[in-house]
**Q** 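I am attaching a structure below and will ask some questions about it afterwards.
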Amino acid sequence: MTVTTSTACSRALGDELRRLRETCTDLGGAHMAMRLGWHPSKVTNIEKGKARASEIDLVQFLTMCDKDIDFFENFRRRYKYAFDEYVVQVHEELRTVAFAESTATTITSYSARGIPGLVQTPEYADALYRVGGFVAEERIPNLVRFRIERQAILRRHDRPTCVFFVHELALRQKVGDNQIMEDQYARMLFSGLDIRIVPADVVVPSSGCVLWSYEKAASVVYCEADLVNVFVQDPGAIARTRLLFDHLEQVALDAGQSRTKLAEYVSPPREEFDGRGPRLA
């Protein structure tokens with residue numbers, strides 16, 4: 001077992017091992033370690049993603065959980081790069097995203113092309129998944145449900161401190177029909193969240209990202225592309241991302257101005273632009 005710096009992916013997979021132990025055995029962490037002939041701290045560190053388990057460690061652990069070779073191979077594949085500073089996952093592997101944001105103390109995001117997932121309405125999320133054909137139609141209901149369930153962190157008494165920077169051009173992207181857009185604007189306006197609008201004429205050299213910060217772990221940058229999710233824990237990349245958010249803080253509307261801008265969009269969208277207010281692209 002090698003002790004190393006934890007990552008968002010290693011912590012999520014470690015938590016998956018913990019849940020396997022709790023659901024597939026009747027053993028606590030200390031008793032599991034005793035059965036395996038390990039020091040108790042070894043189970044703790046692996047389950048918290050603080051230490052990289054060897055393949056033999058994983059075989060022994062998963063065998064105790066009554067998992068077969070196919071399960072082991074699948075887990076080993078996901079675990080292989082979990083401690084790297086750059087990790088790429090396919091969109092289907094959403095557990096890491098949910099775990100990373102649910103354990104963060106602060107979440108700062110910038111959205112250039114759409115509404116942030118944590119403030120989307122179910123109807124907007126459904127319509128967005130149907131654009132472009134990247135997602136099989138039969139999977140969309142489950143993806144929408146998962147996205148909305150993730151929003152529960154915003155209702156916790158100890159919810160993370162969140163700031164959502166949204167480019168005005170993202171507001172103008174018509175996703176679904178006019179009613180879906182009007183409801184989405186209203187959701188943002190009345191959410192009580194810190195949503196900051198970046199004016200349409202401001203150029204931002206970023207397609208969007210999220211910065212998760214933690215009390216006792218290194219920060220993580222998350223980028224969502226069309227086909228993959230990328231998790232970054234490279235210190236240089238983290239520093240550059242912080243500079244991006246410092247810049248956004250300067251160019252974005254303040255909280256009051258952002259609410260005023262959102263209020264303009266809450267009115268039913270017009271099909272034609274008459275020069276007196278925002279329109280949908």
**Q** Measure the CG-CD1 distance between Leu58 and Ile46 for me, rounded to the nearest 0.5 Å.
**A**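 Output value for this atom pair is 7.0 Å.
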**Q** Verify the distance criterion only: is there a donor paired with an acceptor across the side chains of Arg52 and Tyr79 at less than 3.5 Å?
**A**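 On atom types as modelled, these side chains do not qualify, holding no pair under 3.5 Å.
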**Q** As a test of understanding, state which of Ile107, Val221, Leu244, Thr106 forms a side chain to side chain contact (heavy atoms under 4.5 Å, CB included) with Leu211.
**A**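 It is Val221, the one option of Ile107, Val221, Leu244, Thr106 that forms the side chain to side chain contact (heavy atoms under 4.5 Å, CB included) with Leu211.
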**Q** Centre of Tyr265's six-membered ring, under 6.0 Å away, within 45 degrees of the axis: is that where NZ or CZ of Arg172 sits?
**A**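 Geometry flag: not set, cation outside 6.0 Å or 45°.
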**Q** For Ile115, is there any backbone N or O sitting under 3.5 Å from a side-chain donor or acceptor partner on Tyr124?
**A**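 Between the backbone of Ile115 and the side chain of Tyr124 there is a qualifying donor-acceptor contact (under 3.5 Å).
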**Q** Taking Asp15 first and then Arg95, would you say they form a salt bridge - that is, a charged N and a carboxylate O separated by under 4.0 Å?
**A**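 No, no charged N to carboxylate O under 4.0 Å.
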**Q** Is any side-chain N of the basic residue among Glu101 and Arg156 closer than 4.0 Å to the acidic one's carboxylate O?
**A**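 So Glu101 does not pair with Arg156 through a salt bridge.
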**Q** Kindly indicate whether the side chain of Thr96, heavy atoms from C-beta on, has any atom under 4.5 Å from the side chain of Leu13.
**A**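 No - every pair of side-chain heavy atoms lies 4.5 Å or more apart.
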**Q** Using distance alone, with no hydrogens and no angle criterion, decide if Asp183 and Gln179 have a side-chain donor and acceptor under 3.5 Å apart.
**A**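 On atom types as modelled, these side chains qualify, holding a pair under 3.5 Å.
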**Q** Counting only heavy atoms not in Asp68, do more than 12 fall under 6.0 Å of its CG?
**A**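 It does: Asp68 CG has more than 12 such atoms within range.
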**Q** What about Tyr110 and Phe165, are their ring centers closer than 6.0 Å?
**A**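 No.
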**Q** Quick one about Ser219 and Arg242 (side-chain donor to acceptor, distance below 3.5 Å, no hydrogens or angles considered), yes or no?
**A**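 Note: Arg242 and Ser219 side chains meet the donor-acceptor criterion.
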**Q** Sub-3.5 Å donor-acceptor pair from the side chain of Arg11 to the main-chain atoms of Lys48, do we have one?
**A**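 Not at all, since once roles are kept as given, no pair shorter than 3.5 Å links the two residues.
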**Q** Do Thr121 and Arg187 have side-chain N/O donor and acceptor atoms under 3.5 Å apart?
**A**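 The criterion, which ignores hydrogens and geometry beyond distance, is not satisfied for Arg187 and Thr121.
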**Q** Tell me if the CZ atom of Arg19 is crowded by more than 12 foreign heavy atoms within 6.0 Å.
**A**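 Yes.
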**Q** Does this structure show an ion pair linking Arg77 with Glu73, if we count only N-O contacts that are shorter than 4.0 Å?
**A**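 Salt bridge absent between Arg77 and Glu73.
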**Q** Is the count of non-hydrogen atoms from other residues, nucleotides or ligands lying under 6.0 Å from Arg113 atom CZ greater than 12?
**A**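 For Arg113, atom CZ is not crowded (no more than 12 foreign heavy atoms under 6.0 Å).
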**Q** So do the side chains of Leu248 and Val204 get within less than 4.5 Å of each other, counting heavy atoms only?
**A**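 Yes - at least one pair of side-chain heavy atoms lies under 4.5 Å apart.
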**Q** Would you say that more than 12 heavy atoms from the other residues, nucleotides or ligands in this model lie under 6.0 Å from the CZ of Arg259, or not?
**A**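 No - once you tally the heavy atoms of other residues, nucleotides and ligands closer than 6.0 Å, there are 12 at most.
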**Q** Does a sphere of radius 6.0 Å around CD in Glu137 hold more than 12 heavy atoms from other residues, nucleotides or ligands, not counting ones at 6.0 Å or beyond?
**A**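 Incorrect, the count does not exceed 12.
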**Q** CZ of Phe71: more than 12 outside heavy atoms within 6.0 angstrom?
**A**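 More than 12 within 6.0 Å, yes.
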